[in-house]
Structures are given as C-alpha cells and as structure tokens.
Amino acid sequence: MSKKGGINLKAIIVILLIVVVALTGGIIYYLQGLGAVDPDNKDDVTVTIPNGSGASSIVYILNDEGLIKNLTCARINAKFGGYDSLQANTYILNKSMTVTEMMNIINTGDFEYLSKSSFEMKEGYRIQQNAELLTQSIPYSAKEIMNVWNDKEYLHTLIDKYWFLTDEILNKDVMFPLEGYLYPDTYFITDDNPTIESVTEMMLDQMDTQLSSRRDQIEASGFTVNEFLSLASIVCKEGGSNEAEAPHIAGVFINRLKQGMSLGSDVTVCYIYQEDRVDLRESQLNSTSKYNTRKYAGLTPGPICAVPAIDMDAVLNYEKTDDLFFYAGPDGTVYYATTNEGHSKNVQEHPWTEEDLAQ
C-alpha cells in the first residue's frame with residue numbers, strides 16, 4: 001500500500017516537473033518571440049498605422065515591415081497586452097525594438113517616434129513672408145495659403161473657436177486678418193497630409209497658450225487683444241534684434257498714445273508697402289492707409305508682423321520714461337529724447353549714410 005502511494009507521489013512530482021518545465025519553456029519561447037528582430041539594427045523603418053486599426057491588425061502591419069520576430073507570440077501579446085488607446089499615425093521604428101516597445105509607442109502615440117517634418121514661423125516676419133516659408137513644408141503655394149487665411153467664412157469659424165480672435169480682424173482697414181496672430185515658433189507636422197487649416201490651428205493654439213498666460217495683464221492694460229498685439233508688433237519691428245531696448249521703445253510709444261500724439265513709426269508705413277526700408281519716399285509718408293502712424297494718431301488697425309513673447313512682455317512691462325522720441329542709428333544704437341529738438345539733434349549727430357542704406 002505504501003509502495004503504491006510512493007509511486008503515485010513520484011508520478012505526481014514528475015508530472016509537476018514536466019508542467020513546470022513546459023511552462024518555463026513556453027514563457028521563454030514567448031518572451032523570445034517578442035524580442036527584437038535584430039538588436040543591433042537601428043535603421044529607421046517608417047510604419048503607417050491607419051485610423052481604426054486594432055492591435056491584431058497592427059501586428060500584421062509590423063510583420064509586413066519586418067519588425068516581428070515571431071508572429072504567433074506577437075498576436076498573443078496583441079490579444080492580452082491591454083492596448084486600448086492605439087493611435088493612428090506614422091511612426092519611425094526599428095528592428096532593435098521589441099514587440100512590447102513598439103506596441104506601447106503606438107498605444108501612447110509617443111511623440112518622440114512620430115514621423116514629422118518641421119516648419120518655422122519667424123518673429124518679425126510679415127504674414128506673406130511666413131506663408132512663403134510655409135510652402136517649404138506643406139504642398140501648397142503661398143497664394144493658396146493666403147487665400148485660406150483671408151477667407152471670411154473660415155475666419156468666422158476661427159473667431160468662434162478662439163477667445164482672442166474677434167471681429168476686429170475683419171475691420172475693412174485690416175490688410176491681413178491673421179497678421180500677428182500666428183505665433184512665431186518651430187512646429188512639427190506629424191500628419192502625412194497636412195492641410196492649411198490644420199497647421200494654421202497649430203499656430204493659433206500656441207498663440208492661445210501665450211495669450212492665455214498673459215490674459216489678466218492684457219485686460220489690466222486697457223488694450224484689446226488686437227490693440228495689444230498691434231503695439232507689440234510695432235515694438236518688435238522697431239527694436240529688431242536689439243531686444244534689450246524693447247521695453248524702453250514700448251514706453252515711448254505708450255507715452256505718445258497717452259498724450260494723443262501719433263506714433264510716428266516708419267515701420268508701420270513700410271507695412272503698407274510690404275517692405276523694409278529706412279529711406280521712405282515722401283509719397284509713402286503721405287499714404288492715407290490707416291497703418292500710416294506718421295499721419296494718423298493711435299494704433300494701426302491690426303498687427304504688422306509675427307509677435308514673439310519677448311515683445312508681448314516688453315509692452316506689458318514697459319519701461320517708465322519721460323521720453324517721447326527714439327532714433328536707431330546706423331550701428332544699431334538707440335537714442336532717446338524727451339523733445340523734438342533733442343530728437344533732431346540725435347538724428348543729426350548719428351546720420352545714416354548712402355553706404356549704410358545700401359547695406
């Protein structure tokens with residue numbers, strides 16, 4: 001009786017050992033099957049995951065690209081891996097990645113691995129100049145881009161979507177409604193077929209971030225958003241690369257606004273003619289455009305360039321000064337004055353030569 005019981009115990013132990021070995025072997029096989037196809041191969045493999053793709057279909061897509069070591073193991077992982085938020089997009093993967101690494105990247109839409117191209121909206125550039133830059137990154141001409149940016153029906157949808165866009169941008173005197181509202185920055189496009197509208201809203205979303213963080217200050221300033229961006233854009237163009245002078249220049253303009261003086265800014269006249277120059281012609285200075293702050297008091301109907309955060313902050317934190325005039329000499333130095341006589345003296349003492357103008 002005891003001998004038989006001993007035999008049964010040994011049989012059970014043997015069976016358990018076989019089961020353990022089988023399970024261990026199965027786990028090892030499974031984990032190896034999820035491993036990298038080639039741990040040393042980090043060459044980029046571009047993989048596009050269509051909308052509506054489930055985990056199982058994604059495994060087949062990865063397999064077709066040579067990224068799956070063992071299809072059966074990958075299918076098991078897809079079924080039980082808990083991938084419940086898979087993101088359609090184009091990814092840059094490689095053969096050194098395991099199945100779980102790739103599936104987690106796709107499940108989270110990891111930005112680091114998204115296929116992307118970049119474009120830049122440059123600060124201080126006019127909207128038409130930035131439209132030209134954008135043509136290098138999306139398959140549209142500058143004319144097509146500007147047509148969308150000037151389309152009133154589209155603009156109304158944007159006004160409904162973004163708190164900082166108002167009917168002020170549709171004023172008949174405004175040359176380009178979205179001028180100054182597309183935040184200057186470097187952007188990444190992750191869509192294989194980007195539209196003008198999609199990249200436009202990327203830039204407006206970033207402007208939303210910038211303006212929302214300053215919303216209380218803007219409201220306290222007494223300016224509307226359009227007025228605020230208009231002044232900040234003039235400060236941006238007048239200051240150029242001399243960012244340290246921006247708060248002082250903003251202070252001069254605010255003093256002139258408070259006293260009902262015209263801003264007397266040549267850069268606003270340049271905007272009318274879509275050019276940048278120092279030697280303005282008499283006919284240009286006499287323009288009847290509302291952007292001519294040499295002729296009309298107050299702010300321009302809208303911004304005149306893409307406005308970076310530094311110039312927004314220069315207006316919000318302008319330098320308190322008694323100065324009413326400033327003049328940028330040919331070497332970039334800015335000279336300030338409280339009177340017209342002092343301003344004239346600065347101009348006479350630091351004149352622009354023909355050689356300076358030619359540079």
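Keep in mind that the numbers below use all heavy atoms, side chains included, and drop hydrogens, waters and symmetry copies.
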When you check the side-chain N and O atoms of Gln284 and Glu275, is any donor under 3.5 Å from an acceptor? yes

Strictly below 4.0 Å, N to O, side chains only: are Lys237 and Asp276 in salt-bridge contact? yes

Any idea how Tyr327 and His343 line up, ring-wise: parallel (<30°), tilted (30 to 60°), or perpendicular (>60°)? perpendicular

For Lys116 and Asp191, what are the C-alpha separation, side-chain angles and deciding distance, and is it a salt bridge (Lys or Arg N to Asp or Glu O under 4.0 Å)? CA-CA 7 Å; Lys116 45 192 175 282; Asp191 191 343; over 6 Å; no

Is there a donor-acceptor pair closer than 3.5 Å between any side-chain N or O of Arg277 and the backbone N or O of Asp279? yes

Measure the CD1-OH distance between Ile249 and Tyr336 for me, rounded to the nearest 0.5 Å. 4.5 Å

Ser344 side chain vs Asn340 backbone, donor-acceptor pair below 3.5 Å: yes

Under 4.0 Å between a side-chain nitrogen and a carboxylate oxygen: does that hold for Asp266 and Arg294? yes

To the nearest 0.5 Å, how far apart are CG in Leu34 and CE in Met103? 10.5 Å

Would you call the rings of Phe188 and Phe111 parallel, tilted or perpendicular, taking 30° and 60° as the class edges? perpendicular

Any donor-acceptor N or O pair under 3.5 Å, side chains Thr321, Glu319: no

Could you tell me if the ring centre of Tyr113 sits under 6.0 Å from that of Tyr91? no

Report yes if the distance between the aromatic ring centroids of His248 and Phe326 is under 6.0 Å, otherwise no. no

Side chains of Asp205 and Tyr162, donor plus acceptor under 3.5 Å: yes

CG-CG distance between Leu316 and Asp311, expressed to the nearest 0.5 angstrom: 11.0 Å

Using only heavy-atom distances, determine whether the side chains of Asp208 and Tyr183 contain a donor-acceptor pair under 3.5 Å. no

Under 3.5 Å, is there a donor-acceptor pair linking the side chains of Ser233 and Ser230? no

Examine the side chains of Asn226 and Tyr181 and answer whether a donor and an acceptor come within less than 3.5 Å of each other. yes

Are Arg215 and Glu219 ion-paired here, with the side-chain N under 4.0 Å from a carboxylate O? yes

Can you see whether Thr90 engages Ser115 through a side-chain donor-acceptor pair at a distance of less than 3.5 angstrom? no

With no hydrogens and no angle check, do the side chains of Glu179 and Tyr271 hold a donor and an acceptor under 3.5 Å apart? yes

Can Thr224 and Glu168 be counted as having a side-chain donor-acceptor contact under 3.5 angstrom? yes

Got more than 12 heavy atoms from elsewhere within 6.0 Å of CG, Asp160? yes

Any side-chain donor near an acceptor of the partner, Thr98 and Thr100, under 3.5 Å: yes

For the pair Asn70 (side chain) and Cys73 (backbone), establish whether a donor and an acceptor sit closer than 3.5 Å, ignoring hydrogens and angles. yes

Under the side chain to side chain contact (heavy atoms under 4.5 Å, CB included) criterion, do Ile254 and Leu231 qualify, and how do the steps go? CA-CA 9 Å; Ile254 286 175; Leu231 179 55; 3.9 Å; yes

